[in-house]
Amino acid sequence: MTLTSSLSGSLISGQAEVQVAPRILPTRQDGRIDLLGLSRDQIRQALKEAGLEEKQAKLRTKQLWHWMYNRGAVEFEVMTDIAKTMRPWLAERFVISRPEVVTAQISVDGTRKWLLKTDDGHDYEMVFIPDADRGTLCVSSQIGCTLNCRFCNTGTMKLVRNLSVGEIVGQIMLARDSLGEWPSKPEGRLLTNVVMMGMGEPLYNFDNVRDALKLVMDGDGIALSRRRITLSTAGVVPLMARAGEEMGVNLAVSLHAVTKTVRDEIVPINKKYGIEELLAACAAYPGVNNARRITFEYVMLKDKNDSEEDAHELVRLLRYYRLPAKVNLIPFNAWPESPYECSPAERIARFSDIIFEAGISAPVRRTRGQDIMAACGQLKSAAERQPRSYVQDPSNS
Ligand code: SAH
């Protein structure tokens, strides 16, 4: 095969060096090729390899693309502008997949969480957060994570693997299926924003995340503006500039601490790329200005990072690096056996006031979907969420 794909050849370790290895198109167990997640070129190439001539392949690619990303089609039979005889021919060779849904839960506050399963049997999660004026889908980039942030439940899992382009874009497709948002239209959408803030570190799955977001932004398909997409990183400094250049989406940075000692402890990637280096990379992020500010996420951990001095130091740092910034204060969401407590409400309010008084926006984020374990940092695979004795000892069930 000469085709390149999204599944292999991508960065899986916690290393920043991006390996560009030849990538082979994923063929499913039934021998068919999944078209979801492929670029136009890859689709055309796949059609040619299946026997179509260049001109035909080009035309069919255009049609398939429109059906998939504008109409949300998952079957070839509905593609009325494709010759009737050609539809079964396509169905024999190709599929248009969606992630398998294991469970779908809805919170008392309207937040929805889906537990999804990959073809090779791994769980991952996505969350939809409806608000009065917008709807945000929180998308996962990896199964598990390499970062081990101490307050994050996903961080207690090992990295299993990167999600493929199809598995990433598949989350948005599935959410739109369930919200009834096909065909794509510019106005009146429920799903208006995408945040790469689910399980995993998106910059450690750079190529697949970029290619998936390109599909989401493509003007002939879902056509979500890059201004409505936010990528959140714990601070993979060497890849931040590239993210700005190649994706152009909004940047959120999980800062969470203003001293080396504390950040080393709670966000261990800090030992590799320290606070100064990180903030300098933020200042250099392509396209940053006062109209497009960087979001700094700051989880409020009692007696760990929530003092008045911390708030003043945060202001000093943001000023020193001249960062067009907004700060999102996230009340810590506890999970079973989590080693920290959430700061008291008054302390969070004081922290927020200090930053506001310096002229920087610092809203306290409302926790959503806590009753269904859908809140920030609570995402984890279902298997891993069981108590150990339950997982390891079948006689215990
Ligand atoms: N790896 C990326 C994206 C995933 S985490 C990153 O680190 O930014 C998305 C956000 O949720 C991050 O800001 C993360 O620090 C935060 N988070 C993780 N666990 C949390 C918890 N238990 N309570 C509140 N926020 C949490």
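For the single chain, residues carry numbers from 1 onward in sequence order. Just follow the structure's listing: the first ligand is 1, and inside any ligand the first atom is 1.
Distances between N or O atoms of V299 and those of ligand 1 include no value under 3.5 Å. At a 3.5 angstrom cut-off on N or O pairs, N333 counts as close to ligand 1. Considering backbone and side-chain atoms together, F151 places an N or O closer than 3.5 Å to an N or O of ligand 1.
Taking a 4.0 Å cut-off on heavy atoms, G235 fails to register as neighbouring ligand 1. Heavy atoms of A252 come nearer than 4.0 angstrom to ligand 1 in no pair at all.
When the heavy atoms of E297, M300, R365 are ranked by distance to atom 10 (C) of ligand 1, first place goes to E297.
Side-chain N/O atoms of N270 and D264 include a donor and acceptor closer than 3.5 Å. A side-chain N or O of N205 and one of N208 form a donor-acceptor pair less than 3.5 Å apart. For the residue pair D81 and W67, a side-chain donor N or O sits within less than 3.5 Å of a side-chain acceptor on the partner. Judged purely by distance below 3.5 Å, without hydrogens or angles, the side chains of R176 and S184 pair a donor atom with an acceptor atom. Between the side chains of D34 and S97, at least one donor-acceptor pair of N or O atoms lies under 3.5 Å. E201 and S141 are not linked by any side-chain donor-acceptor pair at a separation below 3.5 angstrom, with hydrogens and angles left out of the test.
The number of heavy-atom neighbours closer than 6.0 Å to NZ of K48, taken from other residues, nucleotides and ligands shown, is above 12.
Remark: ligand 1 atoms within the under-4.0 Å shell around heavy atoms of A234 are 6 (C), 7 (O), 8 (O). Set against the non-hydrogen atoms of G200, the atoms of ligand 1 under 4.0 Å away are 1 (N), 2 (C), 3 (C), 4 (C). Close contacts of ligand 1 with G198, meaning ligand atoms under 4.0 Å from a residue heavy atom, involve 4 (C). The W335 neighbourhood of ligand 1 comprises atoms 22 (N), with distances under 4.0 Å to a heavy atom of that residue. Near I330, meaning under 4.0 Å from any of its heavy atoms, are these atoms of ligand 1: 24 (C), 25 (N). Of all atoms in ligand 1, listed by their number and element, those nearer than 4.0 Å to a heavy atom of C152 are 18 (C), 19 (N). Shown in contact with H256 at under 4.0 Å from a heavy atom are these atoms of ligand 1, numbered in order with element: 13 (O), 14 (C), 15 (O).
Here the side chain of Q171 pairs a donor or acceptor atom with the backbone of E167 at under 3.5 angstrom. Counting only distance, with no hydrogens or angles, the side chain of N305 and the backbone of L301 share a donor-acceptor pair below 3.5 Å. For H256 (side chain) and E297 (main-chain N/O), a donor-acceptor pair under 3.5 Å exists by modelled atom type.
Counting heavy atoms under 4.0 Å from ligand 1, residue M199 does not touch it at all. In T154, neither the side chain nor the backbone holds a heavy atom less than 4.0 Å from any atom of ligand 1.
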